[in-house]
Amino acid sequence: MNVREIELPGIGRKFEMITRSNEKIVIVVHDDGRREVYHFDEHDHDESISSVTFNDSEARQISAIIGGIVYKPRALETVEMAFDDLVIEWFKVENNAAAINKSIGEIDVRNKYGVTVIAIIKKNLKKILNPGPQAMIEPGDTIVICGERSELKAVIKELLSSGGE
């Protein structure tokens, strides 16, 4: 993720970033200690869809939570649980990934990569457990896949990330 830092004379500093899933976040750190966080529409980076303001103390507490100081999560966006050579991984399908708008049957990960799709969690949090070959993959879906580590990396790189175009 690229972070662009801009000085705001008499105000503070502005930090802009675009995540791997094309979400734009802007953080303004005011000289008086306030922090403003803006979240933009992923299809229109000029349209702010939400914002929140924190005082210095609140911002430091939020920072500790997000940074994993308060609680280190066992499950992240790319969670791995290894059973000898078997790995289960959760991966959020990125915008412009090769698998977008294709069915599990079309991408044929089981035959081409030796990987099994065991669940799809839709952007609206609807869960499809043990999805059939007709299940469609959409941007922002979280795909739960299992297989060997190298096979999973290949599926993620070639089919689920934007780099696989």
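Small disclaimer: the values here were computed from a predicted structure and weren't measured.
Taking a cutoff of 4.0 Å between a charged side-chain nitrogen and a carboxylate oxygen, Arg35 and Asp56 qualify as a salt bridge. Ion pair Arg13/Glu5 flagged as a salt bridge, since at least one NZ, NE, NH1 or NH2 atom sits closer than 4.0 Å to an Asp/Glu carboxylate oxygen. One finds no salt bridge joining Arg20 and Glu42 here, because no Lys/Arg side-chain nitrogen approaches an Asp/Glu carboxylate oxygen to under 4.0 Å. With respect to Arg34 and Glu36, a salt bridge is recorded, a charged nitrogen being found less than 4.0 Å from a carboxylate O.
The minimum heavy-atom distance linking Phe54 with Ala59 is given by the pair CB-N, 3.8 Å. For the residue pair Ala119 and Leu129, the shortest heavy atom distance occurs at CB-CD2, 4.0 Å. Heavy-atom minimum distance, Ser51 versus Tyr38: CB-CD2, 3.4 Å. Minimum heavy-atom separation, Cys146 to Ile88: CB-CG1, 3.8 Å. Taking each heavy atom of Leu160 and Ala99 in turn, the nearest pair found is CD2-CB, 4.1 Å. Of all heavy-atom pairs spanning Gly12 and Asp31, the tightest one is CA-OD1, 3.3 Å.
For Lys14 (side chain) and Ile6 (main-chain N/O), no donor-acceptor pair under 3.5 Å exists by modelled atom type. Side-chain atoms of Ser161 come within 3.5 Å of backbone atoms of Lys157 as a donor-acceptor pair (strictly under, hydrogens ignored). The main-chain N or O of Glu58 is never found under 3.5 Å from a side-chain atom of Gln61 such that the two would form a donor-acceptor pair. Looking at Glu158, its side chain never comes within 3.5 Å of a backbone N or O of Val155 through a donor-acceptor pair. Here the side chain of Ser103 pairs no donor or acceptor atom with the backbone of Met136 at under 3.5 angstrom. Asp141 contributes a side-chain N or O that, together with a main-chain N or O of Glu138, makes up a donor-acceptor pair within less than 3.5 Å. Checking side-chain atoms of His39 against main-chain N and O of Val26 turns up no donor-acceptor pair under 3.5 Å.
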task: Kindly indicate, with the supporting measurements, whether the criterion side-chain contact (heavy atoms from CB on, under 4.5 Å) is fulfilled by Thr142 and Val93.
output: CA-CA 6 Å; Thr142 298; Val93 178; over 6 Å; no
query: Going through the checks in order, is the side-chain hydrogen bond (donor to acceptor under 3.5 Å, both in side chains) test met by Glu23 and Ser21?
result: CA-CA 6 Å; Glu23 294 178 279; Ser21 55; 3.1 Å; yes
- request: Verify side-chain contact (heavy atoms from CB on, under 4.5 Å) between Lys102 and Ile137, making sure each step is shown before the conclusion.
  value: CA-CA 6 Å; Lys102 293 185 180 167; Ile137 298 172; 5.9 Å; no
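Residues Leu159 and Tyr113 form a side-chain contact, since some pair of their non-hydrogen atoms from C-beta on lies under 4.5 Å apart. In this structure, the side chains of Val28 and Leu8 come closer than 4.5 Å at one or more pairs of heavy atoms. Within the 4.5 Å cutoff, the side chain of Asn130 has no heavy atoms near those of the Ile118 side chain. Residues Val144 and Ile120 have side chains not in contact (no heavy-atom distance under 4.5 Å, counting atoms from C-beta outward).
Note: Ile18 CD1 to Glu16 CD = 8.0 Å, rounded to the nearest 0.5 Å. Going from atom CG of Asn22 over to atom CG of Asn96 covers 8.0 Å, rounded to the nearest 0.5 Å. Summarising the geometry, atom CD1 belonging to Ile143 is positioned 12.0 Å from atom CD belonging to Glu89; distances are rounded to the nearest 0.5 Å. Rounded to the nearest 0.5 angstrom, Leu152 CG and Ile145 CD1 are separated by 4.5 Å. Phe91 contributes atom CZ, which lies 5.5 Å from atom CD1 of Ile156 (distance to the nearest 0.5 angstrom). The structure places CD1 of Ile128 at 10.0 Å from CD1 of Ile121, a figure rounded to the nearest 0.5 Å.
Other residues, nucleotides and ligands contribute more than 12 heavy atoms inside 6.0 Å of the NZ atom of Lys122.
With hydrophobic clusters built from ILVMFWY side chains whose heavy atoms lie under 4.5 angstrom apart, Val29 does not share a cluster with Ile11.
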